[in-house]
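Working notes, beginning with the structure itself.
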Amino acid sequence: MILSGFVAIEAVVELRGCGVLFSQMTAASFAIFIPALIGRLACGVLLQQQKTGSSEEASLLPASWQEGPTWQAHTYMLFDQLHIGQDFAVTTCGTTVFQYILN
């Protein structure tokens with residue numbers, strides 16, 4: 001479905017939303033824009049699909065930090081409370097890179 005004709009319509013809608021005129025939309029701009037748009041969408045979709053049914057989130061920090069010095073324990077506790085894990089890092093990095101290309 002992502003690779004269907006709807007992605008071209010979505011690309012036009014996104015470009016118009018950013019203030020790009022129809023006369024500025026060339027084949028070269030779509031050659032760059034459409035893969036970046038698909039990448040941004042796929043990054044979120046694939047991550048959510050992977051998370052479905054799993055309740056345990058992998059932490060970015062090693063478990064030894066939980067019992068480490070005070071600053072490590074507090075950092076680990078903060079990351080745990082804010083749910084900053086590997087899924088957060090993948091989503092943030094993936095969407096940031098593709099959004100940068102889109103902009």
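Residues: numbered from 1 along the sequence shown. Given the structure is predicted, the values throughout are model-derived calculations rather than measurements.
- Contact record, A73 with G68: CB-O, 4.3 Å, taken as the closest heavy-atom pair.
- Q66 contributes atom CD, which lies 12.5 Å from atom OG1 of T75 (distance to the nearest 0.5 angstrom).
- Minimum interatomic distance between A89 and L60 (heavy atoms only, all atoms of both residues): CB-CD2, 4.0 Å.
- Put simply, OG1 on T92 and CD1 on I84 are 8.5 Å apart, with the number rounded to the nearest 0.5 Å.
- Counting heavy atoms from C-beta outward, F88 and F79 have side chains that stay 4.5 Å or more apart.
- Within the 4.5 Å cutoff, the side chain of Y76 has no heavy atoms near those of the P62 side chain.
- Note that CZ of F33 and OG1 of T26 are 12.5 Å apart. Values are rounded to the nearest 0.5 Å.
- Between L21 and R16, the closest side-chain pair of non-hydrogen atoms falls below 4.5 Å.
- Not one N or O on the side chain of E67 forms a donor-acceptor pair closer than 3.5 Å with the backbone of S64.
- The CG atom of L78 sits 9.5 Å away from atom CG of L61, with the distance rounded to the nearest 0.5 Å.
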